[in-house]
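What follows is a set of notes on a single structure, which appears directly below.
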Amino acid sequence: MLLIYCPYCEIERAETEFHCGGEAHIARPSDPEKTTEDDWVEFLYMRSNTKGIAAERWRHIHGCGRFFNAVRNTVSDEFLNIYKTGEAKPDLEAFAREAGK
Amino acid sequence: MSDLLASDLVTPDAGEAPLLGLASVSILKVAPLTRFSFRARTASVKKAGAAVGIPLPIKPLTSETATKRAALWMGPDEWTLLAPEEDLQAVVTGIGSKLGSEPHALVDVSDRSEAVIVTGEKAAWLLNTGIFVDLSQEAFPVGTVTRTVFHKAPVMIWRIGPDAFVVEAWGSFMDYVAGLLIQCAQELEAA
Ligand SMILES: [Zn+2]
């Protein structure tokens with residue numbers, strides 16, 4: 001069982017309270033009228049599916065209900081950083097270097 | 001039970017037999033009460049508190065109580081407000097008139113969930129048969145409230161005394177939650 005820190009509840013809780021929401025920092029096209037089909041495909045379906053250090057959206061679905069972001073090593077399952085929605089994407093390469101990957 | 005937090009609000013249902021009555025732990029159904037889900041932006045929180053007659057807690061996982069009122073932190077912009085059954089309209093009118101056109105949501109969810117009070121020296125032990133949360137008094141002092149999972153059902157737990165918890169579950173899950181609590185308590189009888 002993993003323990004995951006919720007930045008809104010400010011506490012670690014069991015992973016069964018959480019739900020992974022996929023890759024983080026994928027911005028919805030700001031002007032749908034001018035967005036091409038290829039751009040929609042990119043936004044809706046294309047994900048980097050990283051093996052290693054990745055930024056993901058997580059939701060404390062059985063707690064405060066809020067979405068937040070986390071940097072996780074998808075190989076070891078280790079959580080390296082947790083930050084609130086709206087905060088800038090951390091430097092993933094720095095985390096990768098630190099992890100020795 | 002008069003020394004319990006919100007004991008004038010969350011009371012055992014006099015018409016219902018206790019679900020469990022052991023020397024070390026008992027389970028009592030809570031009488032009906034008014035429940036609201038309230039959501040608002042930071043700028044409106046103070047005014048809303050004034051309207052309800054109780055400051056809305058800002059610190060995560062905490063609660064505030066006053067005479068016949070309780071406000072429970074559910075999330076950074078979400079609270080559960082409790083009041084007696086007959087005060088439903090008073091809370092709606094109070095918040096409506098104070099907040100006016102400020103964006104907020106006040107939803108009557110009184111009948112969405114049911115609650116039981118779990119009391120006794122083994123209360124925390126019993127909840128921990130299905131909840132992975134540290135319920136020691138250091139980590140989870142009186143007044144702490146949280147949503148979590150009991151076995152497979154989403155629940156809300158609120159510590160209203162050193163050995164007393166309110167456990168709320170959505171109506172259709174309550175048989176499951178109460179049933180499993182009673183079943184797990186049989187271990188105490190056997191011991
Ligand atoms: Zn949370």
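Numbered from 1 within each chain, the chains take letters A, B, ... in sequence-line order. Values below: all heavy atoms of this structure, side chains included; hydrogens, waters and symmetry mates excluded. Note that the coordinates shown come from a computational prediction; the quantities given were computed from them, not determined experimentally.
The closest donor-acceptor contact from the side chain of S76(A) to the backbone of E78(A) lies under 3.5 Å.
Most heavy-atom pairs under 4.5 Å with chain B, from the set A14(A), G63(A), C6(A): that is G63(A).
Distance check: L81(B) CG to I54(B) CD1 gives 8.5 Å after rounding to the nearest 0.5 Å. Between the CD1 atom in I131(B) and the CZ atom in F165(B) there is a gap of 8.5 Å [rounded to 0.5 Å].
Counting heavy atoms of neighbouring residues, nucleotides and ligands inside a 6.0 Å radius, atom CZ of F79(A) exceeds 12 of them.
Of the two parts of I11(A), only the side chain, counted from C-beta on, holds a non-hydrogen atom closer than 4.5 Å to a non-hydrogen atom of chain B.
Of all the heavy atoms in I53(A) and L92(A), the pair that sits closest is CG2-O, 3.9 Å. Across all non-hydrogen atoms, the minimal contact from V118(B) to A123(B) is O-CB, 3.7 Å. In terms of heavy-atom proximity, P162(B) sits nearest to V142(B) at N-CG2, 3.6 Å.
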Give the atom names and distances for all donor-acceptor pairs closer than 3.5 Å across chain A and chain B.
unit_1 : atom_1 : unit_2  : atom_2 : d
R13(A) : NH1    : T146(B) : OG1    : 3.0
R13(A) : NH2    : T146(B) : OG1    : 3.2
E17(A) : OE2    : T148(B) : OG1    : 2.5
H62(A) : O      : T148(B) : N      : 3.3
G63(A) : O      : R147(B) : NE     : 2.6
G63(A) : O      : R147(B) : NH2    : 3.2
C64(A) : O      : R147(B) : NH2    : 3.3
R66(A) : NH1    : D77(B)  : OD1    : 2.4
R66(A) : NH2    : E78(B)  : OE1    : 2.7

